[in-house]
Amino acid sequence: QVQLVESGGGLVQAGGSLRLSCAASLSIFSQYTMAWYRQAPGKQRDMVATITATRSTNYADSVKGRFTISRDNTKNMVYLQMDSLKPEDTAVYYCTAIGSRSWGQGTQVTVSS
């Protein structure tokens, strides 16, 4: 059973920064593509960023140039550095290992204007 635990969310003013962390219990973590998704109230869950085993990254257009995904395979961790935050970034953020069908409990990010 894959377990994913997100942390690092909070309340921040527009223009501020947050760093989200995700701890993953995966026996071959380094081989998984990891991803961050987010879900705002009343909306679907959307992909924010992905990082492959070879550290190739992909971002949603809405966060390009502001968010950075990274991973530490020695610690089974994936991170999301979020800069220049906007009120529209407000959502619950989830991490997942692509193909695992598992999700963490999510961490709330609220950006005030």
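Residues satisfying the side chain to side chain donor-acceptor pair (under 3.5 Å) test with S7, not counting sequence neighbours, are none. In terms of the ring pair (Phe, Tyr, Trp, His ring centres under 6.0 Å) criterion, residue partners of Y37 (sequence neighbours excluded) are, by chain and number, W103. Among residues two or more places apart in sequence or in another chain, the side chain to side chain donor-acceptor pair (under 3.5 Å) test is passed with E88 by none. Listed by chain and residue number, D83 satisfy the side chain to side chain donor-acceptor pair (under 3.5 Å) test with S17 (two or more places apart in sequence, or in another chain). Qualifying side chain to side chain donor-acceptor pair (under 3.5 Å) partners for S62, counting only residues two or more places apart in sequence or in other chains: R38.
Proximity of a side-chain donor or acceptor of Q105 to a complementary backbone N or O of E6 within less than 3.5 Å is detected. With Q81 contributing its side chain and T68 its backbone, the two residues share no donor-acceptor pair below 3.5 Å.
In this structure, I28 is a member of the same hydrophobic cluster as M34, with clusters built from ILVMFWY side-chain heavy atoms closer than 4.5 Å.
W36 and I69 make their closest contact through CD1-CD1, 3.6 Å (heavy atoms, listed as atom of the first residue, atom of the second, distance). In this structure, S100 and A97 approach most closely via the heavy-atom pair OG-O, 2.6 Å. Among all heavy-atom pairs drawn from A40 and T90, the shortest one is CB-O, 3.8 Å. Here the closest non-hydrogen pair linking L4 and S102 is CD1-O, 3.4 Å.
Residues M82 and V12 fail the side-chain proximity criterion, which asks for heavy atoms closer than 4.5 Å.
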Please tabulate, one pair per line, all N/O donor-acceptor pairs under 3.5 Å involving side-chain atoms of residues 41-49, not counting sequence neighbours.
residue: Q44; atom: NE2; partner: D46; partner atom: OD1; Å: 2.9
residue: R45; atom: NE; partner: Q39; partner atom: OE1; Å: 3.3
residue: R45; atom: NH2; partner: Q39; partner atom: OE1; Å: 3.4

Counting only pairs under 3.5 Å, give me each side-chain donor-acceptor contact of residues 20-27, with atom names and distances, residues two or more places apart or in other chains.
residue: S25; atom: OG; partner: Q3; partner atom: N; Å: 2.8
residue: S25; atom: OG; partner: Q3; partner atom: O; Å: 3.3

Only pairs under 3.5 Å count here: list side-chain donor-acceptor contacts from residues 106-113, not counting sequence neighbours, and write none if there are none.
residue: T107; atom: OG1; partner: G9; partner atom: N; Å: 3.0
residue: Q108; atom: NE2; partner: A91; partner atom: O; Å: 3.4
residue: Q108; atom: NE2; partner: T110; partner atom: OG1; Å: 3.3

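Evaluation of the salt bridge (charged side-chain N to carboxylate O under 4.0 Å, His left out) test over residues 53-64, restricted to residues two or more places apart or in two chains, returns D61-K64. Residue pairs meeting the disulfide bond (SG atoms under 2.5 Å apart) criterion with at least one member in residues 53-85, sequence neighbours excluded, do not occur. Residue pairs meeting the ring pair (Phe, Tyr, Trp, His ring centres under 6.0 Å) criterion with at least one partner in residues 58-98, sequence neighbours excluded, do not occur; the list is empty. Pairs engaging residues 30-77 under the disulfide bond (SG atoms under 2.5 Å apart) rule: none recorded [sequence neighbours left out].
Rounded to the nearest 0.5 angstrom, R19 CZ and S70 OG are separated by 6.0 Å. Note that CD1 of I51 and CD1 of I98 are 12.0 Å apart. Values are rounded to the nearest 0.5 Å. To the nearest 0.5 Å, atoms OH (Y32) and CG (N76) are separated by 11.0 Å.
With hydrogens and angles left out, the side-chain atoms of T54 and T52 include a donor and acceptor closer than 3.5 Å.
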